[in-house]
Amino acid sequence: MPIPDQPLTPGTPAGPAEAAGQAESAAGTNPAAAALASLAVGTRVVVRHRIDGGFTDALGELVGLTDAEATIRTRRGDAVVRLKAIVAAKPVPPAPARRHTVSGK
């Protein structure tokens, strides 16, 4: 299923001046990176980005953002994604609660 280039609902940026600067620098070259820069650190996101041979997704919490990279904390660890490589990004709802399974009868 394709991921829209724009977020569904942007969050509140971590700091107005910092977020505005990041959004402006990313917006000049990449609308998807600008959309990501408009979200608050701590937002759960999905980010599709280019890798050698195709694309991949990073799903998790946005934990860091610079002028060149975004860091997403996934189940497998932190994924550092170059903003230039991002093709789509959007916020996603919180992960569903894990079900407690009862083994045996």
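- With sequence neighbours excluded, the residues satisfying side chain to side chain contact (heavy atoms under 4.5 Å, CB included) with Val92 are Arg44, Val46, Leu59, Lys90.
- In summary, of the residues considered (Asp57, Val87, Thr56), a side chain to side chain contact (heavy atoms under 4.5 Å, CB included) with His49 occurs for Thr56 alone.
- Residues meeting the salt bridge (charged side-chain N to carboxylate O under 4.0 Å, His left out) test with Arg50, sequence neighbours left out: none.
- Counting only distance, with no hydrogens or angles, the side chain of Asp78 and the backbone of Thr71 share no donor-acceptor pair below 3.5 Å.
- Here the CG atom belonging to Leu83 is positioned 7.0 Å from the CG atom belonging to Leu36, to the nearest 0.5 angstrom.
- Counting heavy atoms from C-beta outward, Arg48 and Ile86 have side chains that stay 4.5 Å or more apart.
- The side chain to side chain contact (heavy atoms under 4.5 Å, CB included) search around Thr74 returns Ala58, Ile72, Arg76, Ala79, not counting sequence neighbours.
- Expressed to the nearest 0.5 Å, how far CG of Asn30 lies from CZ of Arg82 amounts to 11.0 Å.
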